[in-house]
K.L.:
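One structure is given below, represented as structure tokens, and several questions about it will come after.
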Amino acid sequence: MSLTIVYAIIGLVVVFGAYNIYSSLIQKKNKVQEAFASIDVQLKKRYDLLPNILTIAQKYMEHERGLLEEVTKLRTQVMGLSSNFNNIDKKIALDGELAKKMGQIMVAVENYPQLKADQTMITAMQTYNEVEEHISAARRFYNSAVLELKNAVEIFPSSMFAAMLNIKSTDFFKAEEKERKAVNAADFLK
């Protein structure tokens with residue numbers, strides 16, 4: 001009779017432990033999805049702000065019309081993607097291109113004293129910088145959540161459960177090789 005109680009206690013401990021591992025994996029997977037959604041929300045803020053910046057800049061920047069059109073085109077493409085977790089790589093790539101083009105616009109603004117002094121443009125640029133800071137914070141939060149999930153998926157015993165549940169990790173959000181290089185403002189003025 002006492003052996004049965006010992007087996008029952010061991011069985012309960014195993015079941016409880018398995019449930020905790022399962023629960024932890026699901027929570028970590030959901031945290032990564034929440035973190036990606038946070039990035040998406042911040043990117044949406046950026047995309048909503050871009051038409052205002054472009055409209056203001058367009059008054060002054062006739063020579064940069066092609067650049068303004070490229071930003072508009074990229075914004076349309078990225079806004080057309082669903083926020084599905086499966087589109088993360090494509091969305092990140094398009095967003096990288098969009099950020100690069102916006103950097104070119106920021107440098108070009110320096111060449112237009114009237115635009116640089118326009119109060120509406122100053123406010124729009126300050127708002128854009130704030131949004132960029134929020135995007136950066138959301139990316140750090142995302143990478144933290146990915147790290148937790150990666151650890152859970154790769155470390156025993158939770159790795160066994162992750163394999164059984166087909167829970168996989170995702171890649172960290174990282175800068176592209178060209179984004180790691182020092183910025184030369186003269187390159188944007190060509």
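We number each residue from 1, following the sequence as shown. These values consider heavy atoms only, across backbone and side chains, with no hydrogens, waters or symmetry-generated copies. Quick caveat: nothing in here was measured; it's all calculated off a predicted structure.
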K.L.:
In this structure, which one of Glu69, Met79, Glu97 forms a side chain to side chain contact (heavy atoms under 4.5 Å, CB included) with Leu74?
P.N.:
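In the set Glu69, Met79, Glu97, the residue that makes a side chain to side chain contact (heavy atoms under 4.5 Å, CB included) with Leu74 is Glu97.
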K.L.:
In Å and rounded to the nearest 0.5 Å, what is the CD1 to CD1 distance from Ile5 to Ile10?
P.N.:
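Taking CD1 in Ile5 and CD1 in Ile10, the distance rounds to 12.0 Å.
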K.L.:
Taking side chain to side chain donor-acceptor pair (under 3.5 Å) as the definition, give me every residue that meets it alongside Ser159, ordered by chain and number, with sequence neighbours left out.
P.N.:
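For Ser159 there are no side chain to side chain donor-acceptor pair (under 3.5 Å) partners, ignoring immediate neighbours.
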K.L.:
Mind checking side chain to side chain donor-acceptor pair (under 3.5 Å) for Asp48 and listing every partner two or more places apart, or none if nothing turns up?
P.N.:
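Lys44.
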K.L.:
In the single-linkage hydrophobic clustering (I, L, V, M, F, W, Y; side-chain heavy atoms under 4.5 Å), do Ile39 and Leu81 co-cluster?
P.N.:
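Per the 4.5 Å side-chain linkage, Ile39 and Leu81 are co-clustered.
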K.L.:
Search all heavy atoms of Tyr142 against all heavy atoms of Phe36 and return the closest pair with its distance.
P.N.:
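Heavy atoms only, the tightest pair is CD1-N, 3.6 Å.
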K.L.:
So how far is it from Ile53 CD1 to Thr120 OG1, rounded to the nearest 0.5 Å?
P.N.:
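OG1 of Thr120 is found 12.0 Å from CD1 of Ile53.
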K.L.:
Does some side-chain heavy atom of Val71 sit less than 4.5 Å from a side-chain heavy atom of Leu54?
P.N.:
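Sidechains of Val71 and Leu54: in contact.
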K.L.:
Side-chain contact test, heavy atoms from C-beta onward, threshold under 4.5 Å: evaluate it for Thr76 versus Lys73 and give yes or no.
P.N.:
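A side-chain contact under 4.5 Å is absent here.
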K.L.:
Is there a donor-acceptor pair under 3.5 Å between the side chain of Ser144 and the backbone N or O of Arg140?
P.N.:
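No, the answer is negative, given that no donor and acceptor are paired below the 3.5 Å cut-off.
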K.L.:
How close do Leu50 and Arg75 get, heavy atom to heavy atom, and via which atoms?
P.N.:
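Leu50 and Arg75 have their closest heavy atoms at CB-CD, 4.1 Å.
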K.L.:
Under 4.5 Å between any side-chain heavy atoms of Leu43 and Tyr47, yes or no?
P.N.:
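Leu43 reaches Tyr47 side chain to side chain.
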K.L.:
Hydrophobic clustering (ILVMFWY, side-chain heavy atoms < 4.5 Å, transitive) - are Val41 and Phe141 grouped together?
P.N.:
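Phe141 does not cluster with Val41.
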K.L.:
Of all residues at least two apart in sequence or in a different chain, which pass the side chain to side chain donor-acceptor pair (under 3.5 Å) check with Lys28?
P.N.:
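Partners of Lys28 by the side chain to side chain donor-acceptor pair (under 3.5 Å) criterion, ordered by chain and then number, come out as Ser24.
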K.L.:
Establish whether Leu149 and Leu147 are linked, either directly or via other cluster members, by ILVMFWY side-chain heavy-atom contacts under 4.5 Å.
P.N.:
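They do share one cluster, since a chain of ILVMFWY contacts under 4.5 Å joins Leu149 to Leu147.
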K.L.:
Kindly write out the residues that satisfy side-chain contact (heavy atoms from CB on, under 4.5 Å) with Met106, not counting sequence neighbours, or none if the list is empty.
P.N.:
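Met106 satisfies side-chain contact (heavy atoms from CB on, under 4.5 Å) with Met102, Met125, Tyr128 once adjacent residues are dropped.
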K.L.:
Same cluster for Ile167 and Phe172 if Ile/Leu/Val/Met/Phe/Trp/Tyr side chains link at under 4.5 Å?
P.N.:
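Linked, Ile167 and Phe172 end up in one cluster.
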K.L.:
Which atoms form the tightest heavy-atom contact between Thr170 and Val32, and what is the distance?
P.N.:
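Nearest pair, atom of Thr170 first, then Val32: CG2-CG1, 3.8 Å.
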K.L.:
Which heavy-atom pair separates Leu25 from Ala162 by the least distance, and what is that distance?
P.N.:
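The answer is CD1-N, 3.5 Å.
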K.L.:
Linking I/L/V/M/F/W/Y whenever their side-chain heavy atoms sit closer than 4.5 Å, directly or via other members, would Tyr22 and Met164 fall into one cluster?
P.N.:
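Linked within one cluster.
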K.L.:
When you compare the side chain of Leu165 with that of Lys29, does any pair of heavy atoms fall below 4.5 Å?
P.N.:
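A side-chain contact is absent here, since even the closest heavy-atom pair is not under 4.5 Å.
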K.L.:
Can a donor-acceptor pair be found, under 3.5 Å and without considering hydrogens, that links the side chain of Ser136 to the backbone of Glu132?
P.N.:
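Not a single qualifying donor-acceptor pair exists.
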K.L.:
Would you say Lys45 and His134 make side-chain contact, with heavy atoms under 4.5 Å?
P.N.:
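Heavy-atom side-chain distance check passes, below 4.5 Å.
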K.L.:
For Lys150, check side chain to side chain donor-acceptor pair (under 3.5 Å) against everything at least two apart and list the hits.
P.N.:
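In terms of side chain to side chain donor-acceptor pair (under 3.5 Å), with neighbours along the sequence ignored, Lys150 is linked to no residue.
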K.L.:
Among all residues two or more places apart in sequence or in another chain, which pass the salt bridge (charged side-chain N to carboxylate O under 4.0 Å, His left out) test with Glu70?
P.N.:
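By the salt bridge (charged side-chain N to carboxylate O under 4.0 Å, His left out) rule, Glu70 matches Lys101.
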K.L.:
Can you tell me how far apart CD (Gln119) and CD1 (Ile122) are? Round to the nearest 0.5 Å.
P.N.:
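It comes to 4.5 Å.
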